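Reviewing the structure listed below.
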Amino acid sequence: MKYEEMEVKCFLTPTDALDLPEIDQFLLKKAHEAASKAYAPYSGFQVGSAVRMKSGQIVVGSNQENMAYPSGLCGERVAVFAAGAQFPGEKIEAVAIVSPSPVAVPSAFLPCGGCRQVLLEAESRQEGSIRLLLQARDEVVLVSNSAINLVPFAFTVEDGGLSSVHS
Ligand code: THU
C-alpha cells in the first residue's frame with residue numbers, strides 16, 4: 001500500500017457576536033452565565049456551555065473540578081450529557097461553549113479532544129449536525145455547522161463498531 005500525505009480543512013468561521021442571530025446570542029449569554037457558576041478552584045479556568053434542543057429548551061453546564069483531578073468534567077460535557085439525561089432521544093440544535101477566563105487565549109476557545117469526540121457522537125446518534133458557537137473573551141465567535149469540523153480523522157461509529165449500540 002502506498003501512503004500519501006493527507007490534508008484536512010477545518011471550517012470555523014470567525015463571526016462578530018453582534019452579527020449572529022439573536023437566538024445564538026441568547027445561547028452565548030446562557031453559556032457565559034453558566035461559566036460564572038463553574039467550580040474550577042484548581043485550574044482557575046471557567047468554562048460554560050449552553051445546549052439548545054430542537055424543541056427550544058436550553059440546558060446549561062459548567063466545568064466541575066475535583067481534588068482527585070481526573071474525576072472532574074469539562075463544561076460542555078456536563079451540558080451535553082445533562083441534555084441527554086433530561087431529553088433522551090431529542091435532537092440538539094446548537095451548543096455554545098465559552099471561557100471568560102483570563103487564563104484562556106482571548107480570541108478563541110476550542111474544546112478539548114474528549115469533548116470534541118462527545119459532540120461528534122451526539123451528532124452521530126441524532127443523525128444530524130450540531131451548530132457550534134465558541135467564544136473566549138473577545139467579541140469574535142468561532143462558528144461551525146458541525147462537530148466534524150473539529151475532529152479531523154475522527155474515530156467514527158464504523159471504526160468502533162458502535163452502530164448497534166446507538167438507539
Ligand atoms: N475544560 C473544559 O471545561 N472544557 C474544555 O474543552 C477544556 C478544558 C476545563 C477542564 C478543567 O476544569 C479546566 O478547563 C482546565 O483544564
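What's counted below: heavy atoms across the whole structure, side chains too, no hydrogens, waters or symmetry copies. Note that ligands are numbered from 1 as they come in the structure, with each ligand's atoms numbered from 1 the same way. All of these numbers come straight from a predicted model, not from anything done at the bench.
- For atom 16 (O) of ligand 1, no protein non-hydrogen atom is found at a distance below 4.0 Å.
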Just do the side chain to side chain donor-acceptor pair (under 3.5 Å) check on Glu123 and Ser146 with the steps written out, would you? CA-CA 8 Å; Glu123 286 194 344; Ser146 168; 3.0 Å; yes
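- The shortest N or O to N or O distance between Phe109 and ligand 1 is not under 3.5 Å.
- A salt bridge is absent between Glu33 and Lys37: the closest approach of a Lys/Arg side-chain nitrogen to an acidic carboxylate oxygen does not fall below 4.0 angstrom.
- Heavy atoms from other residues, nucleotides or ligands lying under 6.0 Å from CZ of Phe26 number 12 at most.
- Here the side chains of Ser49 and Val98 are not in contact, with every heavy-atom distance at 4.5 Å or above.
- Side-chain atoms of Ser55 and Glu90, non-hydrogen and from C-beta on, do get closer than 4.5 Å to each other.
- Counting all heavy atoms, side chain and backbone alike, Asn66 lies closest to Ala68 at OD1-N, 2.9 Å.
- Scanning the protein heavy atoms around atom 3 (O) of ligand 1, the nearest turns out to be Gly75 N, 2.8 Å.
- If you number the atoms of ligand 1 from 1 as listed, the ones under 4.0 Å from a heavy atom of Pro111 come out as 6 (O).
- Between Glu76, Arg116, Glu65, it is Glu65 that holds the heavy atom closest to atom 13 (C) of ligand 1.
- Proximity to Ser43 (heavy-atom distance under 4.0 Å) selects the following atoms of ligand 1: 13 (C), 15 (C).
- Given atom 9 (C) of ligand 1, the protein heavy atom at minimum distance is Asn63 ND2, 3.6 Å.
- Atoms of ligand 1 lying under 4.0 Å from any heavy atom of Cys112, numbered from 1 in the order shown and given with element: 5 (C), 6 (O), 7 (C).
- Neither the backbone nor the side chain of Arg77 comes within 4.0 Å of ligand 1, counting heavy atoms alone.
- In this structure, Thr15 contributes its side chain and Thr13 its backbone to a donor-acceptor pair below 3.5 Å.
- Summarising the geometry of Pro100 relative to His32, their closest heavy-atom pair is CB-ND1, 4.5 Å, with the distance given to 0.1 Å.
- The closest non-hydrogen atom to atom 8 (C) of ligand 1, taken over Cys115, Cys74, Gly61, Ser62, comes from Cys74.
- For atom 14 (O) of ligand 1, the choice among Phe45, Tyr69, Tyr42 with the nearest heavy atom turns out to be Phe45.
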